[in-house]
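These numbers come from the heavy atoms of this one structure, side chains and all, not from hydrogens, waters or symmetry mates. Below, read A as the first sequence line, B as the second, and so on, with proteins coming before strands; counting in each chain starts at 1.
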Amino acid sequence: MAATDSTKPQARRSDQTKFWFLGPAVVWILVFTIFPLLYALYTSFFSFRFGKINQFVGLANFGRLFTDANLHNGLRVTLTFVIITVTIQMLLGFGLALLLNREMRGKNILRAIMILPLFATPVAMGYLGITLFYEINGPINELIRAFGGSDIPWLSNPFWAQVAIILIDIWQWTPFVFLVSLAALQGLPADLFEAAEVDGASGWQSFRRITLPLMAPVLWLILLLRLVEAFKVFDIPTSLTLGGPGRATEVYSLFTYRTALRFFDHGYAAAQGFLLLLIVSLIVGLLFGRIRSIYQEERN
Amino acid sequence: MRKILFPILSILVVASLVLTACAPAAAPGGGEAAQPATEGEASGETYASVVEAGELVPPIVAQPCEGDACFCKDKTVTVIVNTAGEKGPISGPFYEVRDEFQAATGATLEIVEVPFAEHFPKLMTDMTTGTGQYDTSIAGAWWLGDLVGGDYILPLDDYYNDTTGKFPKWDIEDVQQGPRDLLTYDGKLYMVANDHDGQVMYYRRDLLEDPAHQAAFKEKYGYDLKVPDTWQEFRDVAEYFDGKDLNGDGTPDDGLTMHLKVGGQGMFHFMSFAAPFVIGPDNPKLFWFDPETMTPLMDSPGHQRAMETLIDLVQFGPEAMMGWSLGESWDHFLRGQAALTFTWGDLGALAQQEGSAVKGKTGAAPMPGTTEYYDVVAGEWKQVDGVNKVGNTTGGSWAGVISKFSDAPECTYFLLALMATPEKSEVYAYRGWDGVDPGRFSHYLEPNGTNTIDGYLAAGWDAADAESYTNAYFENFGAKMQFPYLRIPGTFEYWTALDIHLSEAATAQKTPAEALQATVEDFEAITDRLGRDVQREIYVKSLGLGE
Amino acid sequence: MRRKTSPIQSILIGGIMFVALLWVLFPFYWAFLNSIKKPADTFRAGAWIPFLQFQPTLEHWISELSIIEIRQALINSTIISLGAATLSVLLGTLAAYALARFRFGKSGNSNFTTWFISQRILPPVVVVIPFFLIMRQLQLLDNVFSLVLLNATFTLPFPVIILSQMIRELPPELEEAAYVDGASVFQGFTRVVLPLILPGLVATWIICMAFSWNEFLFALSLTTKSAIPMPVIIAGAEHTRGVQFWFVGVRVMLTMLPPIVFALLAQRYIIRGLTLGAVKG
């Protein structure tokens with residue numbers, strides 16, 4: 001524990017000081033997350049009318065979670081979205097990184113360009129999507145027609161509307177997987193691969209035996225970060241399809257948003273929020289041991 | 001850093017060059033259009049909102065004030081309105097009137113535009129919190145249940161009846177009965193007349209009068225091609241014209257067009273469509289709920305047949321319309337790519353403006369009817385002599401309400417009344433782009449009303465179009481039977497549920513019966529949450545049935 | 001892995017790179033095109049190249065930029081993102097230093113680290129309603145200040161974790177030398193450590209700024225009039241009659257440019273930031 005050793009000399013003289021450094025951030029986050037969560041818990045026991053507390057309803061709002069088909073739809077849409085987008089992003093991003101992990105010209109430019117989607121405002125992408133996926137003369141259908149295909153009903157068909165949303169998210173976040181994997185790949189020790197080559201290992205073997213195990217922690221981390229962000233999806237479906245056609249793209253966050261701020265059913269919306277928090281926490285909990293080990297490795 | 005920026009810029013340049021190279025290949029036929037037709041008109045490539053706004057402006061009504069007469073000095077009036085911009089529907093006239101209003105009262109006018117789907121939530125938020133940022137909302141008439149129910153808006157009778165000459169004058173009697181009923185709630189005036197919404201049917205007169213089409217139609221269907229009177233005839237006409245070239249551009253066009261995007265006001269289509277399937281002489285009022293129990297009536301055989309008939313019609317329109325808002329659908333009609341549609345008054349006026357391909361070809365008529373309707377009270381289908389037609393005021397009928405939290409209610413009323421004066425209203429009705437649709441006797445041609453064809457001609461209308469358009473609205477709003485508009489608390493939520501399930505049915509995610517069943521379930525949940533007894537009481541009162 | 005590349009391979013790789021670049025850049029290009037097309041051209045097929053296939057116009061840019069509300073939104077977005085990023089980096093740097101240099105019990109440091117990371121897990125929609133109700137109590141609805149506070153909270157994990165990794169890489173002897181010269185712990189931090197991590201600090205600040213700029217859910221829920229930022233303004237391009245492609249084009253460009261330009265400036269540190277310090281970019 002090199003870091004710990006080196007901090008020892010100061011540790012004595014700064015027992016108080018260290019809390020002054022750490023304290024503000026911790027208190028800040030506590031105030032801005034714990035307090036709202038408690039408040040949400042409180043409202044979840046009430047029903048609302050005209051945006052004001054109407055009456056105490058006990059656990060009724062939580063009971064509705066089990067019977068509300070619209071909520072289950074939101075959950076299904078979100079899960080589908082998360083599984084498909086994250087899988088494709090991981091495969092595509094990592095695959096590209098493997099392909100392009102070599103000395104080549106233009107790498108810096110590639111990196112610079114690949115950063116652009118990560119910072120493109122998601123809600124802007126949704127509205128831009130309306131023009132890109134425009135069915136009659138939009139550029140995507142125009143291209144498809146040019147290659148002999150027929151128009152795809154991007155926004156008017158439940159299936160294709162989901163595809164459209166997934167495509168935008170893939171556009172936005174595949175570069176992230178790519179850039180991170182590439183950076184990690186280039187940090188791998190070259191001598192291991194040289195040794196393997198000398199031993200006559202095939203490309204596939206050195207990939208299986210060396211690359212994957214070494215990359216595993218980073219890949220887990222990317223997976224976790226992507227999962228967490230993907231579950232929060234709200235901006236793109238809200239701007240591109242408003243959840244339609246029907247409820248085909250009504251993701252969980254959009255459904256909860258509507259419950260709360262369209263219909264002012266604040267109590268039920270709070271209960272919905274807790275369900276989502278529970279689900280995401282469970283999934284993250286399963287992966288948490290792994291991410292923890294990454295940060296511990298770095299530290300120790 | 002400079003090192004990296006340069007390559008980025010060069011990449012951008014290269015990329016655009018590459019795109020330049022690919023584009024012609026990607027756009028068959030696009031190459032010839034290299035030099036686009038100057039103002040789009042010849043190419044037929046127009047868009048509803050693109051239609052030129054034109055020169056016509058309403059006259060100045062309010063004179064600038066001086067000194068003490070400026071009773072709103074240092075006050076600010078904030079209006080919240082659906083996003084549409086300075087030349088957009090409903091919001092446009094506010095920008096137009098801003099200088100006049102400010103000069104006449106000394107007040108400052110602030111215009112806040114919010115997207116249609118956000119408007120009601122934002123307004124409710126402002127009012128439930130007592131924030132009072134908005135003095136007035138150009139509100140949808142179906143919000144009154146919540147706005148009055150929550151005691152958030154002011155009754156305007158005192159202002160309206162004011163005799164001191166403080167406010168501009170408008171006449172509520174001038175507004176035709178249907179739309180007039182929407183201005184009041186529980187006997188009090190809450191809205192200042194502005195836009196008058198109701199759906200009528202639009203058809204291409206040139207196509208219906210074409211002898212070749214007439215002959216072919218008769219051949220196929222065994223009766224004369226004419227303006228559809230029933231939904232069955234509407235279907236036949238849509239089916240006949242679907243896939244034919246309707247605007248001479250050599251490509252097949254559509255039998256009809258609708259706007260069915262979720263959040264794009266598609267539910268109004270269903271309402272004005274379904275009215276004659278449920279409403280009839282023996283059941284003039286019950287469409288939404290059973291007033292005894294608040295059980296939704298939405299899955300009655302009448303509603304079901306209406307939904308099935310509507311979904312059946314979808315096949316004669318472009319598939320893309322499931323994702324369309326009003327603009328795209330109107331655009332389709334204005335380009336001459338659909339033979340029929342039913343929608344609001346905006347379309348008739350837009351058809352007259354520059355860029356429209358259907359000026360002089362656009363006929364309008366009241367919504368078609370049925371030959372039998374399902375009486376939900378008696379629980380049986382009833383035959384009608386002739387055709388059962390029901391008028392409607394579906395739509396927003398966007399009109400001003402004044403917030404209880406406003407600190408300048410008088411100035412706000414001045415603004416709304418100014419825009420409701422006959423001089424202004426008349427011009428708003430002539431124009432398509434401003435979204436303010438006709439519904440007053442002073443908008444109609446003699447003998448229905450007091451306007452003359454000259455006014456419309458001067459405003460650039462085709463005479464036949466104007467006549468057919470104003471007559472259609474006169475008949476619609478004046479119809480003996482009217483679709484029962486819902487104005488109870490939670491209407492926004494009820495209708496959102498209907499909107500979503502309609503979209504599910506239209507895109508075949510649910511059968512019509514399932515969609516209506518789901519609507520009923522959603523309705524029940526909303527009613528339970530808001531309190532069945534309270535809801536029932538308000539509903540009964542809104543029907544004018546009394547207890 | 002790092003084998004020699006045959007000519008065929010390099011062509012293949014060049015091809016892949018090219019396609020990837022097109023794929024990434026095309027939406028930006030299309031947004032730009034829409035912003036300079038006449039309305040009728042936005043709905044027309046075969047309008048991909050300005051001047052050749054359609055006559056570009058700047059009218060939408062002019063008319064959009066002349067709208068007071070849009071200029072106000074640009075100002076609001078600037079205040080929100082600058083304010084939130086500064087607050088977040090300020091608090092975060094202090095915490096980062098504490099986590100890097102001091103020990104908090106047996107496994108306190110890693111517990112704190114994971115706790116900070118876990119803040120990114122909380123779905124915003126869970127807390128948006130309470131925030132809405134709380135801000136309403138505090139009369140902070142429609143106030144840029146409330147968005148500054150919230151965005152600072154939700155971007156706080158970035159500076160804490162990225163900078164603590166960076167500080168850990170600095171030899172502690174530097175500060176110790178300063179202590180010998182009589183500097184306090186705080187002075188050791190401000191005079192010795194801060195200057196050394198300055199580039200990372202700026203990069204983190206930029207990441208926080210971009211995230212705050214792009215945030216939509218809170219902005220949509222908590223603003224009503226005067227505090228509306230750019231992402232909500234874009235939503236305003238959806239009119240009663242549908243979406244106006246040309247205005248969308250301008251607004252999309254106006255909204256996306258600032259975060260993207262700043263991200264490019266900080267690109268060396270982006271990866272590190274986005275992976276919360278775990279991967280050195």
Side-chain angles (χ1 to χ4, degrees), chain A residues 47-52 54-55 57 60 64 67-70 106 108-113 116 130 133-137 139 141-147 151 153-161 238 240-250 257-265 267-268, chain B residues 3-5 7-8 10-11 22 25-28 30 45 117-118 120-121 124-125 127-129 146 149-152 260-264 318-324 328 332 489-490 492-493 496-497 499-510 515 518 521-522 525-526 529-531 534:
Chain A
S47 74
F48 283 72
R49 187 177 172 85
F50 299 123
K52 290 174 180 155
N54 189 28
Q55 61 182 39
V57 293
R64 287 164 71 187
T67 53
D68 187 343
N70 297 333
N108 288 337
I109 297 171
L110 183 70
R111 270 175 47 145
I113 301 283
L116 301 183
I130 294 180
F133 291 114
Y134 180 58
E135 285 168 34
I136 295 196
N137 282 326
N141 271 354
E142 226 183 302
L143 272 178
I144 291 173
R145 257 183 263 155
F147 287 103
D151 284 1
W154 289 107
L155 302 178
S156 58
N157 176 291
F159 172 77
W160 288 108
T238 303
L240 186 65
T241 56
L242 256 179
R247 292 185 191 274
T249 56
E250 193 182 53
Y257 171 81
R258 277 183 166 159
T259 308
L261 293 166
R262 290 272 165 86
F263 309 139
F264 307 101
D265 194 353
Y268 183 38
Chain B
K3 233 162 53 194
I4 190 67
L5 275 181
I8 292 171
S10 40
I11 276 286
C22 315
E45 299 282 356
E118 294 296 328
F120 177 71
M124 278 296 279
T125 302
M127 290 177 167
T128 52
T129 55
D146 290 274
D151 192 21
Y152 295 132
L260 295 173
K261 179 182 175 178
V262 164
E319 190 182 0
M321 72 187 181
M322 308 305 167
W324 278 356
E328 291 101 321
H332 205 62
F492 185 83
E493 202 176 341
T496 303
D499 183 37
I500 287 172
H501 294 305
L502 169 64
S503 166
E504 282 171 344
T507 50
Q509 299 178 74
K510 284 199 162 85
E521 282 161 21
D522 283 1
I526 299 166
R529 187 169 72 74
L530 294 177
V534 203

Which atom names give the shortest non-hydrogen contact between A/Phe264 and B/Arg529, and what distance separates them?
O-NH1, 4.4 Å

Region of A/Ile136 that comes under 4.5 Å of a non-hydrogen atom in chain B
side chain

In terms of heavy-atom proximity below 4.5 Å to chain B, should A/Ala248 be classed as side chain, backbone, both, or neither?
both

Turns out that what part of B/Glu319 lies under 4.5 Å from chain A's heavy atoms comes down to both

Under the ring pair (Phe, Tyr, Trp, His ring centres under 6.0 Å) test, which residues partner B/Tyr152, sequence neighbours left out?
none

Under 4.5 Å from any heavy atom of chain B - which part of A/Pro153
side chain

With the side chain counted from C-beta on, respond yes when A/Arg258 and B/Ile500 share a heavy-atom pair under 4.5 Å apart, and no when they do not.
yes

Quick one, B/Thr496 and A/Phe263 - any side-chain contact, counting heavy atoms below 4.5 Å?
yes

Rounded to the nearest 0.5 Å, what separation is found between the CZ atom of A/Phe48 and the CG atom of B/Leu530?
13.0 Å

Could you tell me whether the side chain of A/Ser156 and the main chain of B/Met322 form a donor-acceptor pair under 3.5 Å?
no

Test item: B/Asp522 and A/Asn70 side chains (from C-beta on) under 4.5 Å apart, heavy atoms
yes

Just so I know, are the side chains of B/Pro121 and A/Leu261 near enough to count as touching, which here means a heavy-atom distance under 4.5 Å?
no

Is a salt bridge present between A/Arg247 and B/Asp499, judged by a nitrogen-to-oxygen distance below 4.0 Å?
no

Against chain B, label A/Leu110 side chain, backbone, both or neither, depending on which of its atoms sit under 4.5 Å from a heavy atom there.
neither

